[in-house]
Number of protein chains: 2
Amino acid sequence: MSSRQPTLDEVAELAGVSRGTVSRVLNNHPHVSKKALEAVRAAIDELGYVPSAAARSLATQRRGAVVLAISSDDPALFANQFFAEVIAGVNAVIEESDLELLLVMAATERGRDRLTRILQSRGADGVMLLALRENDPLAKVAEGGGIPVVYGGRPLERAPQHYIDADNRGGAREAAEYLIASGRRAIATITGPQDMHVGVSRYLGFREALALAGLPAHRVVHADFSEAGGAAAMEQLLDEHPDLDAVFVASDAMAASALRVLRERGRRVPEDVAVVGFNDIVTAQHTHPALTTVRQPIEALGREMTRMLLRLINDEKPTPLILPTHLVIRESA
Amino acid sequence: MSSRQPTLDEVAELAGVSRGTVSRVLNNHPHVSKKALEAVRAAIDELGYVPSAAARSLATQRRGAVVLAISSDDPALFANQFFAEVIAGVNAVIEESDLELLLVMAATERGRDRLTRILQSRGADGVMLLALRENDPLAKVAEGGGIPVVYGGRPLERAPQHYIDADNRGGAREAAEYLIASGRRAIATITGPQDMHVGVSRYLGFREALALAGLPAHRVVHADFSEAGGAAAMEQLLDEHPDLDAVFVASDAMAASALRVLRERGRRVPEDVAVVGFNDIVTAQHTHPALTTVRQPIEALGREMTRMLLRLINDEKPTPLILPTHLVIRESA
DNA sequence: CGCTATGTTGGGAGCGCTAACAGTGCAGGT
DNA sequence: ACCTGCACTGTTAGCGCTCCCAACATAGCG
């Protein structure tokens with residue numbers, strides 16, 4: 001291995017042209033003669049030349065990288081399949097561009113500082129933000145960076161200029177409608193945190209469906225998307241509303257726990273109580289009974305976030321996008 | 001927001017010192033007078049100065065970033081909780097350093113090219129490689145980059161110089177020993193791919209335990225870690241060895257499917273057939289019955305890979321590390 | 001008191017690239 | 001023949017930082 005990489009000047013010398021011409025070839029500028037172009041290409045091949053990213057970004061003032069920032073105070077969320085899928089989607093688009101992907105998990109104060117540093121030092125050309133809670137400081141950090149920002153899932157307080165979201169409300173409505181259509185009347189729900197837009201939307205969709213059917217929607221326990229929270233909520237629901245015959249649970253992780261609690265409490269699923277979850281994580285296929293749930297296109301979310309960011313970087317003006325969800329019917333409802 | 005970031009020269013001017021001195025302060029060099037140091041710090045605060053990453057790496061010839069490269073031809077693997085956990089571990093260590101994390105998923109040919117480019121353009125100071133199959137071209141790409149390389153899970157063909165691995169063999173042995181200790185005698189196994197080190201090691205540990213107990217180890221079907229593969233393997237096992245009273249399955253994803261097949265085939269778990277999986281993914285807690293499995297410290301794997309890489313970058317000479325695994329007993333065995 | 005070790009500083013020379021500018025040669029129009 | 005316009009090319013400044021060297025104090029030593 002050569003310890004030193006060849007530079008543009010060496011390519012220029014070997015090709016018998018000036019640095020400027022080599023640079024033009026590298027950046028596909030017009031007005032390069034065929035002869036020069038070929039000579040430069042040959043020289044590049046011969047030397048195995050690869051331009052220095054650092055030098056280029058110093059000269060152009062852009063970085064050739066975007067950051068995917070994930071905010072969470074809950075480490076369990078990281079170990080979540082959700083992020084893995086989003087990342088896969090992001091990567092799929094990134095792979096087609098010639099940008100690099102910087103991953104920043106800003107769980108701690110330190111993490112946020114790091115993100116700030118990266119943004120301020122012009123360390124990226126754009127940011128994608130995931131999983132923001134209300135007034136997440138990350139949002140301010142990102143917006144202060146002076147570079148394009150795309151949100152995945154909109155923050156609660158206000159709709160940001162650029163975001164991609166799943167149709168949480170519609171999905172929840174569909175789930176509840178399905179429960180109603182299959183004859184359930186005492187329908188409960190375990191919601192997500194009400195300080196997250198996704199938690200609120202799913203609750204909203206649920207209530208819409210019940211209201212439309214003239215059904216009461218008072219069987220509600222708010223939880224936090226976690227397994228433990230889901231279990232506790234299910235217990236509470238059973239205590240407060242022993243008559244319930246269906247539960248719409250705002251996340252599969254909580255639904256899986258709810259299933260366990262129902263079994264422990266002697267309720268048969270779906271005979272006594274129907275259960276519908278949300279997200280369609282892989283676990284949903286392996287619960288017993290298999291979980292009926294609302295599928296959201298997580299990978300597509302990642303893909304579309306990235307596409308939107310690339311457009312933004314390219315000075316286009318994309319509009320927010322809501323991705324469709326749909327009900328996956330298995331055994332639990 | 002100011003559209004232009006302040007530069008080091010402006011800091012120098014405001015502080016009334018030279019560029020060199022500011023640079024010294026920034027990099028914690030000794031031999032800076034207290035007075036100069038304070039003046040510089042004040043100027044930095046006042047201007048909100050953040051050094052330019054690009055300029056710095058051009059000057060220092062290092063990038064301040066490491067890459068985590070994930071190789072897989074199976075997109076499903078991406079959506080795997082495993083990667084999410086590794087990433088969380090990697091991030092935990094990265095967060096303490098002042099490096100950035102570049103994520104490259106090199107699924108396609110294009111992805112590999114990208115990785116090559118990044119490495120050749122000195123786009124990173126080190127690489128971590130995950131999930132390598134036999135003769136994965138990524139390995140050559142990485143080693144050719146002239147920068148430190150750490151493997152997560154060792155490739156089959158040869159032990160690389162620097163790697164972290166889980167004790168797959170020991171974990172498999174422990175699982176089989178547990179099955180034996182609980183009185184099972186007709187023990188089968190569904191293995192992982194035999195062209196991956198992890199697949200081979202788990203099979204090896206299994207055979208060791210059976211040999212030690214004087215039990216035959218001929219009830220074997222090789223599979224590919226996937227759910228579909230696990231189901232097919234379980235069917236085949238049941239067809240070929242209807243007498244089996246226990247199965248050691250080399251991954252939880254396969255084990256979850258095996259559980260379903262067993263139920264469909266009318267075998268009770270664990271009464272008729274005991275099942276032990278491997279990995280302890282979250283799903284393992286939600287299968288019915290809950291899956292007894294071998295837990296490997298995935299997040300620790302990510303952490304230790306990163307620590308090792310940082311040492312390497314720092315010119316230390318770390319030795320390979322094998323992380324312990326342990327059996328988590330639930331209901332299926 | 002001269003002389004050396006040591007701490008502290010400023011200034012210059014790059015790092016490898018892009019981009020603006022100023023040519024050069026050559027075609028075509030008058 | 002002249003001038004204009006165009007395609008192409010070389011040259012020159014930077015981009016914002018680090019690092020080295022020389023310069024200067026200052027202090028300690030004989």
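Please read these numbers as outputs of a predicted model, since none were measured by experiment. Both backbone and side-chain heavy atoms feed into the values below; hydrogens, waters and symmetry mates do not. So you know, we letter chains A, B, ... as the sequences are listed, proteins then strands, and number each from 1.
Atom CD in B/Q5 sits about 15 Å away from atom P in D/dC15, given to the nearest Å. Taking atom CZ on B/R19 and atom P on C/dG14, their separation rounds to 14 Å, with Å as the unit. Rounded to a whole Å, the NE2 atom of A/H29 is 15 Å from the C1' atom of D/dG10. Between A/L37 atom CG and D/dT9 atom C1' there is a gap of 14 Å when expressed in whole angstrom units. Going from atom CZ of B/R63 over to atom P of C/dC17 covers 14 Å, rounded to whole Å. In this entry the distance linking CG of B/D9 with C1' of C/dG12 reads 13 Å, nearest Å. Remark: P of D/dC15 and CG of B/L8 are 13 Å apart, rounded to the nearest angstrom. Taking atom NE2 on A/H31 and atom P on D/dA7, their separation rounds to 5 Å, with Å as the unit.
The B/A59 side chain lies nearest to D/dG16 when the options are D/dG16, C/dT18, C/dG10. Among the nucleotides C/dT18, C/dA19, C/dG16, the one closest to the side chain of A/R62 is C/dA19. For B/Y49, whose side chain is taken as the heavy atoms from C-beta onward, the closest listed nucleotide among D/dC17, D/dT9, D/dT12 is D/dC17. Of all nucleotides listed (C/dA13, D/dT12, D/dG16), D/dG16 comes nearest to the side chain of B/L58. Checking D/dT18, C/dT18, C/dT9 against every side-chain atom of A/N27, the shortest atom distance belongs to C/dT18. Closest to the side chain of B/A55, from the set D/dT9, C/dT9, D/dC17, is D/dC17. For B/T21, taking side-chain heavy atoms from C-beta onward, the closest of the listed nucleotides C/dC17, D/dC15, C/dG10 is C/dG10. Side-chain proximity of A/T60 to the nucleotides C/dT18, D/dC17, D/dT9 is greatest for C/dT18.
In this model, the phosphate group of D/dC15 is not approached by any side-chain N or O of B/S52 to a distance below 4.0 Å at OP1 or OP2. Between B/S33 and C/dT9, a side-chain N or O to OP1/OP2 separation shorter than 4.0 Å is present. Residue A/Q61 places no side-chain N or O under 4.0 Å from the OP1 or OP2 atom of C/dT18. Side-chain N/O atoms of B/S18 include one lying less than 4.0 angstrom from OP1 or OP2 on C/dG10.
B/L26 places a side-chain heavy atom less than 4.5 Å from the side chain of B/I44.
At a cut-off of 3.5 angstrom, counting only N and O atoms as typed in the model, there is a donor on one side and an acceptor on the other between the side-chain of B/R24 and the base of C/dG10.
Residue B/Y151 comes nearest to B/M305 through the heavy atom pair C-CE, 4.0 Å, listed as atom of the first residue, atom of the second, then distance.
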*Does the side chain to side chain contact (heavy atoms under 4.5 Å, CB included) test come out yes or no for B/I147 and B/V127, once each step is laid out?*
CA-CA 7 Å; B/I147 57 178; B/V127 206; 3.7 Å; yes
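Contact check on B/R41 versus B/E38 returns no salt bridge, with no Lys/Arg side-chain nitrogen under 4.0 Å from an Asp/Glu carboxylate oxygen. Using a cut-off of 4.0 Å between Lys/Arg side-chain N and Asp/Glu carboxylate O, B/E304 and B/R307 are scored as salt-bridged. Using a cutoff of 4.0 Å between basic side-chain nitrogens and carboxylate oxygens, B/D125 and B/R63 are not scored as salt-bridged.
Each of A/P30 and A/G20 was assigned the nucleotide of DNA chain D with the nearest heavy atom; the assignment lying further toward the 5' end belongs to A/P30. Toward the 5′ end of DNA chain C lies the nearest nucleotide of B/G16, the other residue of the pair B/G16 and A/S23 mapping further downstream. Heavy-atom nearest nucleotides on DNA chain C were determined for A/A54 and for B/K34, and the one closer to the 5' end corresponds to B/K34.
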